[in-house]
Amino acid sequence: MASTTLYTLASSLVLILSIFVSIHFQVTKAQGTQPIVKGLSWTFYDSICPNAESIIRRRLQNVFRQDIGQAAGLLRLHFHDCFVQGCDGSVLLDGSTSGPSEKDAPPNLTLRQQAFRIIEDLRRRVHRDCGRVVSCADITAIAARDSVFFSGGPDYDLPLGRRDGLTFATLNETLANLPPPSFNTSLILASLATKNFTPTDVVALSGGHTIGISHCTSFTERLYPNQDSSMDKTFANNLKITCPTTNSTNTTVLDIRSPNKFDNKYYVDLMNRQGLFTSDQDLYTDRRTRGIVTSFAINESLFFQEFVNSMIKMGQLNVLTGTQGQIRANCSVRNSNNYNLILPSSLGDQEKQGTWSEI
Ligand code: HEM
Ligand SMILES: *[C@@H]1O[C@H](CO)[C@@H](O)[C@H](O)[C@H]1NC(C)=O
Ligand SMILES: *[C@@H]1O[C@H](CO)[C@@H](O)[C@H](O)[C@H]1NC(C)=O
Ligand SMILES: *[C@@H]1O[C@H](CO)[C@@H](O)[C@H](O)[C@H]1NC(C)=O
Ligand SMILES: *[C@@H]1O[C@H](CO)[C@@H](O)[C@H](O)[C@H]1NC(C)=O
Ligand SMILES: *[C@@H]1O[C@H](CO)[C@@H](O)[C@H](O)[C@H]1NC(C)=O
Ligand SMILES: *[C@@H]1O[C@H](CO)[C@@H](O)[C@H](O)[C@H]1NC(C)=O
Ligand SMILES: *[C@@H]1O[C@H](CO)[C@@H](O)[C@H](O)[C@H]1NC(C)=O
């Protein structure tokens with residue numbers, strides 16, 4: 001009798017606690033202030049695949065326990081996907097024999113191959129639970145969000161409902177949309193303004209460089225033949241040890257203060273002239289962005305708030321929704337059974353050739 005009461009009491013306590021925890025969880029999850037593209041929704045999978053996000057999060061927790069470096073690879077993958085042709089999973093597609101694709105463009109050379117495998121593994125797990133209803137593009141967006149969260153950054157809700165594109169981007173298109181690290185602030189601002197990003201977005205998104213690594217080849221032009229005068233001398237000398245030649249295949253961390261932690265130390269690096277790329281360091285040199293860098297360096301909450309906002313904005317670049325595109329059964333290849341029903345007539349002949357030869 002007494003034990004039953006105790007049991008009831010204990011289970012109601014657990015229930016109350018779990019309600020409290022889940023409410024608390026909802027409240028602390030930022031949603032940002034971005035308007036949402038028609039067709040995306042905050043509750044998209046609630047009825048058709050309610051476990052999608054928890055399956056991905058649980059799996060990634062395990063992946064990152066083995067190697068937290070994969071978080072950086074997944075964050076960058078979502079950025080590349082969105083900037084080239086929109087967040088449509090196009091970055092995941094293998095090229096065809098008819099020509100090079102997004103994956104073959106120089107920036108792709110430094111995408112982690114493991115990131116592609118992780119996305120496909122997540123797709124398999126999610127589709128096993130719900131069937132083919134969750135897109136590779138959404139899985140990539142969720143994985144990027146979870147990468148930020150598990151690295152110590154903010155957690156936030158994502159509008160979902162992206163569909164997968166039918167075409168991979170050409171090499172030219174990829175190069176035209178991903179600015180190189182040698183760009184100064186003027187060029188970066190101009191490049192990102194074409195996608196409606198403000199200077200605050202640019203500084204906040206560059207904060208993605210608070211985690212991860214770079215190959216020497218991405219910055220040795222700042223060391224040889226002449227040392228970039230905007231770079232701290234000791235920092236430069238240490239980089240020269242890691243990268244003794246311009247063609248060294250070594251890598252180094254993007255944020256020397258806390259390479260695996262998603263925090264605001266990247267901006268502290270910039271204030272100390274320890275930014276790795278010109279595109280990073282010049283944000284502190286240029287008067288248009290210097291104040292934003294400083295404000296993020298002294299207020300991490302402000303950085304997190306702006307980062308979430310800009311990520312939600314980036315995550316909606318040219319998304320396909322509704323009946324556009326498809327839900328891929330394999331993230332690296334287009335579905336072959338229904339292509340003629342959904343191939344948009346607006347596609348150029350050249351693009352058509354590129355994709356038809358895949359089938
Ligand atoms: C603003 C223009 C940007 C430029 C010029 C740029 C450039 C680069 C370059 C050159 C690398 C190193 C590649 C290598 O040599 O291995 C890199 C790495 C990285 N970038 Fe960016 N990036 C930019 C924006 C972003 C954005 C918006 C994000 C995400 C929000 C991001 C996240 C990352 C991450 C996490 C890495 C490390 C990847 C890894 O460890 O595998 N970047 N970026
Ligand atoms: C680009 O990445 C893909 C992704 O797996 C890889 O198969 C391909 O070989 C890479 N391209 C080049 C030129 O290395
Ligand atoms: C790609 O760009 C280069 C130079 O920018 C140009 O010469 C070439 O014709 C372009 N190729 C295609 C297929 O558009
Ligand atoms: C940025 O780089 C471009 C191209 O090298 C150059 O023309 C421009 O003057 C630079 N801007 C600043 C403010 O340094
Ligand atoms: C790689 O970096 C180490 C120091 O971190 C350096 O001793 C070595 O020479 C570098 N190797 C190459 C191939 O650049
Ligand atoms: C790198 O460059 C040096 C000097 O230019 C050359 O001797 C060496 O063979 C190159 N190494 C690779 C891996 O290309
Ligand atoms: C830091 O930024 C947050 C978020 O915008 C703001 O609420 C807070 O007042 C700021 N803190 C300081 C000390 O300025
Ligand atoms: C997905 O497509 C790739 C490339 O064609 C192939 O190697 C792989 O086996 C496919 N995976 C599945 C599960 O069918």
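Just so it is clear, the values below take in all heavy atoms, side chains as well, and ignore hydrogens, waters and symmetry mates. Numbers here are sequence positions counted from 1. Counting convention: from 1, in listed order, for ligands and their atoms alike. Note that the structure is predicted; figures quoted are calculated from it, not measured.
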Step by step, work out the side chain to side chain donor-acceptor pair (under 3.5 Å) result for T278 and N184. CA-CA 6 Å; T278 299; N184 59 24; over 6 Å; no
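Within ligand 8, counting atoms from 1 as listed, the ones closer than 4.0 Å to a heavy atom of D94 are 4 (C). Every atom of ligand 8 with a heavy atom of S332 under 4.0 Å away is listed here by number and element: 1 (C), 2 (O), 3 (C), 4 (C). When each atom of ligand 7 is checked for a heavy atom of L302 under 4.0 Å away, the hits are 2 (O), 5 (O).
Using a 30° and 60° split on the angle between ring planes, Y267 and F296 fall in the perpendicular class, above 60°.
At least one N or O atom of N330 sits closer than 3.5 Å to an N or O atom of ligand 8. Ligand 7 has no N or O atom lying under 3.5 Å from any N or O atom of S301, backbone or side chain.
In summary, the side chains of T323 and R163 do not present any donor paired with an acceptor at a separation below 3.5 Å, with no hydrogens or angles considered. D81 and T140 form no side-chain donor-acceptor contact under 3.5 Å, judged by distance and modelled atom types alone. Checking Q316 against R162 by side-chain atom types alone, no donor-acceptor pair falls below 3.5 Å. Between the side chains of T170 and N172, not a single donor N or O lies within less than 3.5 Å of an accepting N or O.
Residues of the protein with a heavy atom under 4.0 Å from ligand 5 are I241, T242, P244, S248, N250, listed by chain and number.
Geometrically, R59 does not engage F64 in a cation-pi contact, judged by NZ or CZ lying under 6.0 Å from the ring centre and within 45° of the ring axis.
Grouping Ile, Leu, Val, Met, Phe, Trp and Tyr by side-chain contacts under 4.5 Å, direct or through others, puts F219 with I213, L223, Y224, M231, F235, L239, V253, L254, I256, L276, F277.
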